[in-house]
Number of protein chains: 2
Amino acid sequence: MVVDELTEEAVDRLFHALADATRRDILRRCVRGELSVSRLAEAYPMSFAAVQKHVTVLQRAGLVGKQRRGREQLVRTDPDAVARARRALDELENAWRARVERMSGLLAGEEGADGTAGPDRGTRKGQDR
Amino acid sequence: MVVDELTEEAVDRLFHALADATRRDILRRCVRGELSVSRLAEAYPMSFAAVQKHVTVLQRAGLVGKQRRGREQLVRTDPDAVARARRALDELENAWRARVERMSGLLAGEEGADGTAGPDRGTRKGQDR
DNA sequence: CTCATCTACAACCATTTGGTTGTACGTTAG
DNA sequence: CTAACGTACAACCAAATGGTTGTAGATGAG
C-alpha cells in the first residue's frame with residue numbers, strides 16, 4: 001500500500017502536470033502502455049523533443065511510467081494516478097470542512113474536541129473506482 | 001442552460017490554479033468568506049499585490065468569488081469548486097476507460113461502444129467573471 | 001558491419017509566472 | 001474636509017515554461 005505521503009510539492013507537480021491539454025491527452029492515450037514516445041509524438045503538432053518533455057513532466061508527477069522495449073520506450077499511465085489526484089482534492093476539501101466545523105464548534109461551545117482535524121476521509125460517496 | 005461546458009481551457013485554468021501551495025491555502029482559508037484580501041495578505045510572506053494576483057488566478061479559474069463589504073473585498077471559496085475539479089478528473093478517467101473498453105470491444109466483437117466520451121454534465125450555473 | 005530508428009540531452013529563444021514597487025481611486029473614520 | 005485604509009492596476013524583473021534545433025548514444029534491421 002502506497003502510504004503515499006503526498007507532500008505539497010508533490011501536489012504542485014501533480015496539478016501542474018494536469019494543467020496542460022497536451023499532457024492530459026497523453027494520459028488518455030497511454031492507459032494501455034503500448035505507445036512509444038515517438039509514436040506519441042506523431043499525434044501532436046510539435047517536435048519529438050517537446051513531447052519528450054511533456055512525458056518527463058508527467059513522469060516526475062508520478063502520472064506515467066516508462067518501460068523499455070527494444071529501442072523504444074513505452075509510456076504507460078499509472079492506473080492509480082487519478083486516485084492520487086483525487087486524494088489531493090479530498091484533502092483540500094477535508095481541510096476546509098474541518099475549518100468550518102471548528103468554527104461552528106466554537107460558536108456552539110464545544111471544546112472537548114481539540115483542533116484535531118482528524119478528518120476520516122472517504123466520506124465521499126461517488127467513488128466508483 | 002448553457003451547460004457549464006468545462007472546456008479544455010477551463011480545465012487548464014482549474015488545475016493551474018490548484019498547482020500552487022499558496023493558492024491552495026487561500027482556498028482553505030476562505031470557505032467562510034470572511035476574509036478580505038488584505039487580511040489574507042497578512043498571512044503570507046509576500047506583498048499585498050502578490051496575494052491579490054493569486055486571488056485573481058483563483059477567480060478566473062472559478063474557484064473563488066469576491067463580494068464587496070464597504071471598502072473591503074471579501075473572498076469566498078466556491079463550495080462547488082472541488083466538485084468541478086473532481087469532474088475534470090472523472091472525465092479524464094472516463095476517457096481512458098472508454099479507450100480501454102473500445103479496445104476490448106474490438107477484440108470481443110462487441111459493437112455497443114460509441115465513442116461518446118461526453119456524458120451528462122452537472123449543471124453549474126455558468127457564471128464566470 | 002552499416003544504416004536507419006528511437007531516445008536523451010544541451011543550448012537557445014519567446015512568453016508566461018510569480019514576485020516586486022509605485023501610483024491612483026473609492027470608501028470609511030475622525 | 002482630510003487622513004487612513006483597502007483595493008486596483010501598471011511597470012518592471014528574475015525565473016520557469018513550452019517550444020525549437022542540433023548533437024550524440026543505444027539498439028535493431030539488412
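Per chain, numbering begins at 1; letters A, B, ... match sequence-line order. Predicted model, so just to flag it, every value in this text is computed and none were measured.
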Could you give the CZ-to-P distance, from Arg60(B) to dT16(C), as a whole number of Å?
12 Å

Assign each of Ala49(A) and Arg68(A) the nucleotide of DNA chain D bearing its closest heavy atom; nearer the 5' end lies the nucleotide of Ala49(A)

Report which part of the nucleic acid Arg69(B) touches: base, sugar-phosphate, or nothing (heavy-atom distance under 4.0 Å, all strands).
nothing

Separation of dT27(D) atom P from Leu74(A) atom CG, nearest Å, is 15 Å

Between dG18(C), dT7(C), dG19(D), which nucleotide gets closest to the side-chain atoms of Ser38(A)?
dT7(C)

May I ask you to decide if Glu8(A)'s main-chain N or O and Arg24(B)'s side chain share a donor-acceptor pair within less than 3.5 Å?
yes

Nearest-neighbour nucleotide for the Ala50(B) side chain, dT20(C), dT20(D), dG6(D) considered
dT20(C)

With respect to the phosphate group of dG6(D), does any side-chain polar atom (N or O) of Lys66(B) fall under 4.0 Å of OP1 or OP2?
no

dG18(C) phosphate, OP1 or OP2: any side-chain N/O from His16(B) under 4.0 angstrom?
yes

Select one nucleotide: of dG18(C), dG18(D), dG26(C), the one nearest the side-chain heavy atoms of Lys53(A).
dG18(D)

In terms of side-chain heavy atoms of His54(B), which of dG19(C), dT7(D), dG19(D) is nearest?
dG19(C)

Nucleotide dC6(C), atom C1' - distance to CZ of Phe48(A) in whole Å:
6 Å

Phosphate contact (dC6(C) OP1 or OP2) by Ser36(A) side-chain N/O below 4.0 Å:
no

Closest nucleotide among dG19(C), dC5(D), dT7(D) to the Arg71(B) side chain:
dC5(D)

Looking at Asp90(A) and Arg87(A), does any basic side-chain N land under 4.0 Å from a carboxylate oxygen?
no

Does the side chain of Ser47(B) get closer than 4.0 angstrom to OP1 or OP2 of dT20(C) through an N or O atom?
yes

Distance test, side-chain N/O of Arg23(B) to OP1/OP2 of dG18(C), below 4.0 Å
yes

Of the nucleotides dG18(C), dG18(D), dC9(C), which one has an atom closest to the side chain of Asp20(A)?
dG18(D)

Figure out the CD/P separation between Gln67(A) and dT7(C), and round it to whole Å.
13 Å

When you compare the side chain of Arg86(B) with that of Val82(B), does any pair of heavy atoms fall below 4.5 Å?
yes

In Å, rounded to the nearest 0.5 Å, how long is the span from NE2 of His16(B) to CZ of Arg60(B)?
9.0 Å

Is any side-chain N or O of Gln52(A) closer than 4.0 Å to OP1 or OP2 of dC9(C)?
no

Would a 4.5 Å heavy-atom cut-off, applied to side chains only, mark Arg23(A) and Leu18(A) as touching?
no

Glu42(A) CD to dT7(C) P, in whole Å, measures 10 Å

Roughly, in whole Å, what's the span from CG in Asp12(A) to C1' in dA15(D)?
16 Å

Could you check if a side-chain atom of Val75(A) sits within less than 4.5 angstrom of a side-chain atom of Ser36(A), using non-hydrogen atoms only?
no

Between C1' of dG6(D) and CG of Leu40(B), the distance in whole Å:
13 Å

Arg39(A) atom CZ is separated from dT7(C) atom P, nearest whole Å, by 9 Å

